[in-house]
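Here's the structure we're looking at; comments come further down.
Residue numbers begin at 1 in each chain, while the letters A, B, ... track the order of the sequences.
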Protein chains: 2
Amino acid sequence: MDHSALFQKVVSFASAVHEVTHEMTRGVKDEDITHVQYKILEYMMFVQPVTPSEIADCVNLSLPNTSRELRKLLEKGLCEKGVDEADRRRQMFRLSEEGQALMGRIFGQEQMRFEQRIAGLSAAELTEIEQALELLRKRVFK
Amino acid sequence: MDHSALFQKVVSFASAVHEVTHEMTRGVKDEDITHVQYKILEYMMFVQPVTPSEIADCVNLSLPNTSRELRKLLEKGLCEKGVDEADRRRQMFRLSEEGQALMGRIFGQEQMRFEQRIAGLSAAELTEIEQALELLRKRVFK
DNA sequence: CCTTTTGGTTATCAAATGATAACGAAAAGA
DNA sequence: TCTTTTCGTTATCATTTGATAACCAAAAGG
């Protein structure tokens, strides 16, 4: 397998991931948030608390735009803000109760759709999936 | 491994794929096209010729918006339009020479970045990657 | 101290995208 | 033939996102 063919497989794979992600997160539009706001909340589900700079890096947003979206999330009551007492320039953001609840609803729906996709797979097959995820994460999508 | 944990791994994996894709396609902004226009051209690199409806489905765009973007691509001379003689409602789009060339440039850059990611991996490891891609594609991202 | 750097915010503007209505032309179907 | 459905286009508007400049406050570093 030459590199060029592998590369094309990766591109088309990434495209499929995008498509499935889009389909699974379809429930986002029922809640009153935009797509980038969802990305921020999703990130906070895994890392918390988090500073605007970190978010800007990971969600690929400029710092001013990150700040704007965080303000909107604050206004909606979906996250909370605190200050790092060790370095008072750093603003620490975390999900509010309401934010947790919202993400719980969305993840719940998403997970149901995910369950449908993997319905009927054996435990061994699920383990294979998990290993494939870890392999690609380590070697390609790091 | 319970379903909930696997689900979370998939979500965070998808997020990593997004991020790496974003980084690899950074070269798109050097060319005079937008992100969705790039997605359309990318799709046409794999499937050709293609109708507006197919694109709308695969790129997750409404038909009117697809039509608008295709018109812009036509205006830029990056694709060409024909009619399906068997069903004259169907419009067949394909990349023009110039469109091919443009995508060649972008894919070239992307592939270089990809090469850096997989630099130093053995043939066996590359095969593992390929198999992992196929597995996930078949079981999860279909 | 004083200067520079870092982290963050606000404001503002341009561009891209999403959504919808209205329309036409070809095909399918009664 | 007449009606309905499918495929596509154009136009228009609202919203989202991207980009940039100007600014403040805290920290770092001399």
Side-chain angles (χ1 to χ4, degrees), chain A residues 18-19 21-23 25-44 47 49-76 78-94, chain B residues 18-19 22-23 25-44 49-76 78-94:
Chain A
H18 274 78
E19 209 177 319
T21 300
H22 181 274
E23 138 74 11
T25 58
R26 172 158 51 90
V28 169
K29 68 174 180 355
D30 296 336
E31 310 285 347
D32 185 30
I33 56 174
T34 70
H35 183 251
V36 311
Q37 285 162 11
Y38 169 74
K39 289 300 289 177
I40 292 175
L41 296 178
E42 183 190 270
Y43 182 67
M44 291 200 286
V47 184
V50 70
T51 67
S53 304
E54 276 174 67
I55 295 177
D57 273 355
C58 298
V59 186
N60 288 304
L61 224 47
S62 71
L63 198 47
N65 290 336
T66 303
S67 183
R68 173 184 63 200
E69 298 307 321
L70 283 170
R71 179 173 45 72
K72 289 181 185 167
L73 291 174
L74 283 171
E75 284 166 3
K76 292 177 207 271
L78 298 174
C79 64
E80 291 162 353
K81 186 180 180 176
V83 184
D84 178 357
E85 286 304 331
D87 179 346
R88 298 182 51 77
R89 286 171 306 182
R90 289 160 56 83
Q91 308 293 315
M92 309 306 287
F93 286 82
R94 63 182 69 249
Chain B
H18 275 78
E19 210 178 319
H22 182 272
E23 139 72 13
T25 58
R26 173 157 52 88
V28 170
K29 68 172 180 356
D30 296 336
E31 308 286 345
D32 185 31
I33 55 174
T34 70
H35 183 250
V36 312
Q37 284 163 12
Y38 169 74
K39 289 300 289 179
I40 293 175
L41 295 179
E42 183 190 270
Y43 182 66
M44 291 201 285
V50 70
T51 67
S53 304
E54 276 174 67
I55 295 178
D57 273 354
C58 298
V59 186
N60 287 304
L61 223 48
S62 70
L63 198 46
N65 290 336
T66 303
S67 184
R68 173 183 61 198
E69 298 307 321
L70 283 171
R71 179 173 44 73
K72 289 181 185 169
L73 290 174
L74 283 172
E75 285 167 2
K76 292 177 208 270
L78 298 175
C79 65
E80 291 162 353
K81 186 180 180 176
V83 184
D84 178 358
E85 287 304 331
D87 178 347
R88 299 182 50 76
R89 287 170 306 183
R90 289 161 55 83
Q91 308 293 314
M92 310 306 285
F93 285 83
R94 63 181 69 250

Mind checking [X] for me? I need base, sugar-phosphate or nothing, with any heavy atom below 4.0 Å counting as a touch.
| X | value |
| --- | --- |
| B:Arg68 | base |
| B:Lys29 | nothing |
| A:Thr66 | nothing |

Please give, in whole Å, the distance from [N] [atom2] to [X] [atom1]?
| X | N | atom1 | atom2 | value |
| --- | --- | --- | --- | --- |
| B:Lys76 | C:dA16 | NZ | C1' | 11 Å |
| A:Leu61 | C:dA16 | CG | C1' | 15 Å |
| B:Glu75 | D:dT10 | CD | P | 9 Å |
| B:Asp84 | C:dA27 | CG | P | 9 Å |
| A:Leu73 | C:dT9 | CG | P | 12 Å |
| B:Ile55 | D:dC7 | CD1 | P | 14 Å |
| B:Leu63 | D:dT10 | CG | P | 12 Å |
| B:Gln37 | C:dT17 | CD | P | 7 Å |

*asked:* Need to verify one output field. Residue with the more 5' nearest nucleotide on DNA chain D, A:Val36 or A:Arg89?
replied: A:Val36
*Which comes earlier along DNA chain D counting from the 5' end, the contact point of A:Asn65 or that of A:Glu85, where each point is its nearest nucleotide?*
A:Asn65
Residue [X], side-chain atoms from C-beta onward, closest of [options]:
| X | options | value |
| --- | --- | --- |
| B:Thr51 | D:dG8, D:dA27, C:dT9 | D:dG8 |
| B:Asp87 | C:dA26, D:dG8, C:dG18 | C:dA26 |
| B:Pro64 | D:dT10, D:dT20, C:dT9 | D:dT10 |
| A:Thr34 | D:dT10, D:dT16, C:dT9 | D:dT16 |
| A:Pro52 | D:dT20, D:dT10, C:dT9 | C:dT9 |

*Please check if the side chain of A:Glu31 supplies one atom and the backbone of A:Val28 the other of a donor-acceptor pair under 3.5 Å.*
no
*A:Val83 vs A:Arg90 side-chain heavy atoms within contact, under 4.5 Å*: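 Side-chain contact under 4.5 Å: no.
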_salt_bridge(B:Arg26, B:Glu23) N-O dist < 4.0 Å_ =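 Result for this pair is yes, salt bridge flagged.
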*Walk me through it: do B:Lys72 and B:Glu75 pass the test salt bridge (charged side-chain N to carboxylate O under 4.0 Å, His left out)?*
CA-CA 5 Å; B:Lys72 289 181 185 169; B:Glu75 285 167 2; over 6 Å; no
_Please tell me if A:Lys81 has a side-chain N or O lying less than 4.0 Å from either OP1 or OP2 of C:dT9._
yes
*Should we count CG of A:Asp30 as having more than 12 external heavy atoms under 6.0 Å?*
yes
*Checking only heavy atoms, does the side chain of B:Arg88 share a donor-acceptor pair with the base of D:dG8 at less than 3.5 Å?*
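In this structure, the two groups form no donor-acceptor pair.
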